[in-house]
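If you read the sequence from its start, that first residue is 1, and numbering goes on from there.
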Amino acid sequence: QIDYLDYKINHQPEMIQKQIDTISTLKDKTINDYIELAKLYALKNDNTSAFNAIKAAHTIDPIRTDIEKLYFTFLPFAPQK
């Protein structure tokens with residue numbers, strides 16, 4: 001019951017945005033920060049921003065297979081030039 005309530009509270013659009021704002025203001029973001037941003041943007045259905053976040057993580061560490069998988073998952077949402 002508590003897990004459900006915690007999940008419900010923390011996945012409200014306002015809470016997701018608050019988490020995005022908190023991570024976005026960090027000066028030195030880690031790869032995990034970018035992965036978390038990608039996850040949060042995906043929860044908001046903002047796939048272009050999710051791609052941009054995972055692209056930043058992939059730029060830092062293109063060898064990590066988990067990041068590579070996420071990168072290619074979101075590649076269709078890359079901004080078109």
### Query
Are Asp46 and Thr48 close enough that some pair of their side-chain heavy atoms sits under 4.5 Å apart?
yes
### Message
Ring-plane angle category for Phe51 and Tyr71, please: parallel below 30°, perpendicular beyond 60°, tilted otherwise.
### Response
tilted
Please tabulate, for the side chains in residues 33-40, all donor-acceptor contacts under 3.5 angstrom to protein atoms that are two or more places apart in sequence or on a different chain.
| residue | atom | partner | partner atom | Å |
| --- | --- | --- | --- | --- |
| Asp33 | OD2 | Thr30 | N | 2.9 |
| Asp33 | OD2 | Thr30 | OG1 | 3.2 |
| Glu36 | OE2 | Lys39 | NZ | 3.3 |

### Task
With sequence neighbours excluded, tell me which residues meet side-chain contact (heavy atoms from CB on, under 4.5 Å) with Glu14.
Gln12
### Task
Quick one: closest heavy-atom pair of His58 and Glu68, and the distance?
CD2-CA, 3.9 Å
### Query
Does the side chain of Asn47 come within less than 4.5 Å of Pro76's, by heavy atoms?
no
### Common cluster, Leu26/Met15, ILVMFWY with side-chain heavy-atom separation under 4.5 Å
no
### Query
How many angstroms lie between atom CD1 of Ile67 and atom CG of Asn32, to the nearest 0.5 angstrom?
7.5 Å
### Pairwise distance OG1(Thr59) to CD1(Ile54) - rounded to 0.5 angstrom
10.0 Å
#### Entry: Validation row: Ile20, Gln17 side chains within 4.5 angstrom (heavy atoms)
yes
### Query
How would you list, by chain and number, every residue that makes a salt bridge (charged side-chain N to carboxylate O under 4.0 Å, His left out) with Asp61, sequence neighbours excluded?
none
